[in-house]
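Notes follow the structure.
Counting convention: from 1, in listed order, for ligands and their atoms alike.
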Amino acid sequence: MAKPKPIRKAVFPVAGLGTRFLPATKAMPKEMLPIIDRPLIQYAVDEAREAGIEQLVFITGRGKTAIVEHFDMAFELETTMRDRQKALDALAPTRIQPGNLLTVRQQVPLGLGHAIWCARAVVGDEPFAVILPDELMVGKTGCLKQMVDAYAEVGGNLISVLEVPHDAVSSYGVIAPGARKGKLTEVTGLVEKPRIEAAPSNLIVSGRYILQPEVMQILGRQERGAGGEIQLTDAMAQLIGRQPFHAVPFAGRRYDCGSKAGFVEATLALALARPDLADDVRRTALELLGATPLAKASAMGC
Ligand code: UTP
């Protein structure tokens with residue numbers, strides 16, 4: 001196999017409406033909701049940088065300017081903080097090499113596939129990564145880095161996958177698994193939001209992709225799929241058999257921060273993992289658990 005072209009660009013689709021978090025997301029992008037003190041988009045960008053990504057491409061829409069502001073230089077803030085002798089370390093991850101942040105507008109949120117297609121001119125003829133910022137992937141090695149390492153071995157297209165209970169598959173893109181190659185599994189089919197009985201496995205696509213540029217031509221046909229949206233899963237399915245396609249099981253934990261329960265779970269887990277917060281948060285959590293009627297009932301042997 002010829003050496004695969006390096007992955008230099010990552011596309012971050014952030015143009016969705018975030019309706020599940022209304023009213024919080026009426027004037028603030030969902031991707032700016034913070035898990036403790038970092039917005040979701042910051043975790044996603046940090047993960048991309050760890051994987052060696054150079055260019056960040058944000059697919060934005062109406063009301064999403066705060067995301068671009070977040071990665072801009074806050075001259076007045078920095079000057080004031082410097083005058084007051086406050087450390088600027090917390091702002092370091094928000095700095096992007098000049099010229100390495102690009103934005104493309106998705107005027108109407110027609111679906112994830114459509115959002116990715118909006119990046120076609122920026123992507124050009126290079127393979128590229130896609131990161132969904134509302135899926136927070138926490139691992140010793142970041143999810144995209146794990147994928148980039150696997151890509152160096154097999155090239156082609158890769159998606160990260162997770163195992164979920166069989167009765168949960170209908171909310172996700174699901175893969176049909178083929179032969180195993182070490183840690184990787186060949187992908188022989190992909191289906192978006194299948195009925196439980198029609199699902200080819202319980203391995204779901206989990207918000208990280210490495211794709212070859214040919215996917216843009218397929219997305220350009222603007223075919224509607226599940227929910228009337230232009231689905232990335234459907235376009236990827238058409239690449240199977242034409243190009244190598246593998247699934248990478250993520251060694252780590254995924255939090256679905258697009259859902260309220262997943263968001264709370266991520267906040268709690270990350271707080272418990274932080275030395276500056278763990279003790280206080282554990283104490284409070286135990287106190288609250290002790291105070292619930294359910295915990296009281298079970299303590300009393302009911
Ligand atoms: P989601 O479906 O989770 O986001 O899309 P949403 O539509 O904003 O959320 P709800 O369901 O209304 O609460 C996953 C990612 O894809 C982006 C979203 O911004 C999110 O980061 N997306 C989705 C787009 O950029 N454009 C779209 O047309 C759809």
Side-chain angles (χ1 to χ4, degrees), residues 9-35 38-48 56-68 70-71 101-120 122-123 128-137 143-144 159-160 162 164 168 170-174 190 192-193 204-209 211 215-216 219-236 254-266:
K9 299 174 181 173
V11 177
F12 300 80
V14 294
L17 299 177
T19 53
R20 282 171 289 171
F21 272 88
L22 283 170
T25 48
K26 186 179 170 202
M28 182 174 70
K30 173 172 78 174
E31 299 77 11
M32 285 301 292
L33 294 176
I35 302 290
R38 276 200 286 169
L40 285 168
I41 190 69
Q42 183 73 62
Y43 290 94
V45 164
D46 293 349
E47 185 185 325
L56 314 171
V57 184
F58 291 169
I59 312 299
T60 70
R62 260 191 76 253
K64 300 281 180 167
T65 39
I67 298 174
V68 180
H70 177 78
F71 291 103
L101 190 156
L102 298 103
T103 64
V104 177
R105 200 84 168 178
Q106 184 192 25
Q107 290 92 340
V108 187
L110 295 177
L112 179 58
H114 183 261
I116 302 303
W117 177 74
C118 290
R120 65 199 179 283
V122 180
V123 162
F128 61 102
V130 175
I131 296 189
L132 307 193
D134 55 358
E135 302 224 12
L136 179 57
M137 312 291 269
C143 184
L144 192 61
I159 45 180
S160 76
L162 285 168
V164 296
S170 305
S171 314
Y172 303 100
V174 178
L190 273 167
E192 185 65 37
K193 301 189 175 60
I204 62 155
V205 182
S206 67
R208 302 293 182 272
Y209 313 76
L211 298 171
V215 76
M216 294 297 189
L219 287 169
R221 294 184 208 131
Q222 315 263 326
E223 288 161 7
R224 306 278 174 147
E229 295 193 339
I230 300 168
Q231 297 285 357
L232 181 60
T233 307
D234 297 343
M236 291 190 305
R254 168 241 194 201
Y255 301 96
D256 176 9
C257 295
S259 81
K260 288 170 203 163
F263 189 88
V264 173
E265 197 189 335

Nearest non-hydrogen protein atom, [atom]:
atom                    : value
atom 21 (O) of ligand 1 : Pro13 O, 2.8 Å
atom 18 (C) of ligand 1 : Gly16 N, 3.5 Å
atom 9 (O) of ligand 1  : Lys30 NZ, 3.1 Å
atom 11 (O) of ligand 1 : Arg20 NE, 3.0 Å
atom 14 (C) of ligand 1 : Asp134 OD2, 3.8 Å
atom 8 (O) of ligand 1  : Gly18 N, 2.8 Å

Quick one, [X] and [Y] - any side-chain contact, counting heavy atoms below 4.5 Å?
X      : Y      : result
Phe128 : Val215 : yes
His70  : Ile67  : no
Met216 : Val123 : yes
Leu232 : Leu211 : yes
Thr103 : Phe71  : no
Ile230 : Glu223 : no
Val11  : Tyr209 : no

Provide the number and element of each atom of ligand 1 under 4.0 Å from a heavy atom of [X].
X      : answer
Gln106 : 24 (C), 25 (O), 26 (N), 27 (C), 28 (O)
Leu110 : 28 (O)
Pro133 : 21 (O)
Ala115 : 24 (C), 25 (O), 26 (N)
Thr19  : 10 (P), 12 (O), 13 (O)

Does an N or O anywhere in [X] fall below 3.5 Å from an N or O of ligand 1?
X      : value
Phe21  : no
Ala15  : yes
Gly111 : yes

What part of Glu31, side chain, backbone, both or neither, has a heavy atom within less than 4.0 angstrom of ligand 1?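 Just the side chain.
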Quickly, which of Ile131, Val130, Ile159 forms a side chain to side chain contact (heavy atoms under 4.5 Å, CB included) with Arg208? Name it, please.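 Exactly one candidate clears the test, Ile131.
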Below 4.0 Å from ligand 1: does a non-hydrogen atom of Pro109 turn up there or not?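 A heavy atom of Pro109 does come that close to ligand 1.
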Decide if atom CZ of Arg221 counts as having more than 12 heavy atoms of other residues, nucleotides or ligands within a radius under 6.0 Å.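 Yes.
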Salt bridge flag under 4.0 Å for residues Glu31 and Lys64: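 Yes, Glu31 and Lys64 are salt-bridged.
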